[in-house]
Amino acid sequence: KQSSLAMSQPHPADPSFAIGLIALGDVTAKSVRVVERCVQSIRRRGLYFGTIVIVIDAKQSRFKSLTEVDSNIIIIDVESRPNGMLSKRYKTELLDLLDGKKSLEEVELLLYMDVDIVIAEPLQSFIHYVQSMATMLDQPSNRNQPSYMLMFEEQGAAPERKFGNT
């Protein structure tokens, strides 16, 4: 059943914002619950109850445990390709995959997350930051550009940092 957190949403969901996940190949073929953990952390710790789009190449029944209890999860099926770089390819096509989906026509901003990320604290201030950056980029001087990609510096203890590389 849907958690009590989802029932008492502290922030109303913004239909113009969505989170996108790509779950292809081994992530979905095995019984590892990486996707479920990611979604659970977005909902419970991130306190984000808006739309989550999950791109899959597995049977939709694999994600029945998510979609039966959460109407804000949208599954997009893609063909399985015998290529080790599947998710990298679909990352570049993610916005195109949303086109033409009636349930996603209001989405203007999409935050892509890897499915192995676990959210540890509320996402609201980060979402507001992303929205403010997009608003700034949408000024008249920038309007000739149809879309934008914002990238953020990694804050973790990546090996590159350990050795002084950036």
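As the structure is a prediction and not an experimental result, all values here were calculated from the model.
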Exercise. Yes or no on side-chain contact (heavy atoms from CB on, under 4.5 Å) for L110 and I19, after CA distance, side-chain angles and deciding distance?
Worked result: CA-CA 6 Å; L110 180 72; I19 292 177; 5.9 Å; no
Exercise. Hey, are the side chains of I42 and M113 touching, using non-hydrogen atoms and a 4.5 Å cut-off?
Worked result: yes
Exercise. Can you find a heavy atom in the side chain of I75 that is under 4.5 Å from one in the side chain of I73?
Worked result: yes
For this session: Applying side-chain contact (heavy atoms from CB on, under 4.5 Å), run through D77 and I56 and close with a yes or a no.
Result: CA-CA 5 Å; D77 289 308; I56 65 167; 3.3 Å; yes
Taking [Y]'s backbone N and O only, do any of them form a donor-acceptor pair with [X]'s side chain (distance below 3.5 Å, no angle check)?
X: R43; Y: Y48; answer: yes
X: S41; Y: I119; answer: yes
X: D57; Y: V78; answer: no

Exercise. Side chain to side chain contact (heavy atoms under 4.5 Å, CB included) with D114: which residues, sequence neighbours excluded?
Worked result: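 Result, side chain to side chain contact (heavy atoms under 4.5 Å, CB included) vs D114: K91, Y112, D116, I117.
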Seminar exercise, completed: Sequence neighbours excluded, the answer for side chain to side chain contact (heavy atoms under 4.5 Å, CB included) partners of L109 is F17, Q131, A134
For this session: I would like to know whether L21 and C38 meet side-chain contact (heavy atoms from CB on, under 4.5 Å); could you show each step before the answer?
Result: CA-CA 9 Å; L21 307 172; C38 181; 3.9 Å; yes
Exercise. Among all residues two or more places apart in sequence or in another chain, which pass the side-chain hydrogen bond (donor to acceptor under 3.5 Å, both in side chains) test with T67?
Worked result: none
For this session: Determine, stepwise, if the pair I74 / I52 fulfils side-chain contact (heavy atoms from CB on, under 4.5 Å).
Result: CA-CA 6 Å; I74 297 172; I52 297 176; over 6 Å; no
